[in-house]
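Working notes, beginning with the structure itself.
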Amino acid sequence: MLPAEIEHHLLALADHEQLVVWIGDRPFLIQPATDSDVERINKGYFCMD
């Protein structure tokens, strides 16, 4: 589960807007996924926990 502050920032992202998150010395891009992104990355399977 994400901390509420991080969840708030992620949910506030507009479609195609990106956020850069630094973990150590590595940057990661985060953006809202489209249905086609999820299908392409997860090969059509949705994971829910």
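For the atom pair CD1 (I30) and CD1 (I6), the distance works out to 8.5 Å, reported to the nearest 0.5 Å. Atoms CZ and OG1, from R40 and T34 in turn, are 7.5 Å apart once rounded to the nearest 0.5 Å.
Sequence neighbours left out, the pairs with a member in residues 6-18 that pass side-chain hydrogen bond (donor to acceptor under 3.5 Å, both in side chains) are Q18-Q31.
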Just distance, no hydrogens or angles: give the donor-acceptor pairs under 3.5 Å from side chains in residues 22-29, sequence neighbours left out.
none

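In plain terms, the two heavy atoms of A14 and P32 that are nearest each other are O-CG, 3.6 Å.
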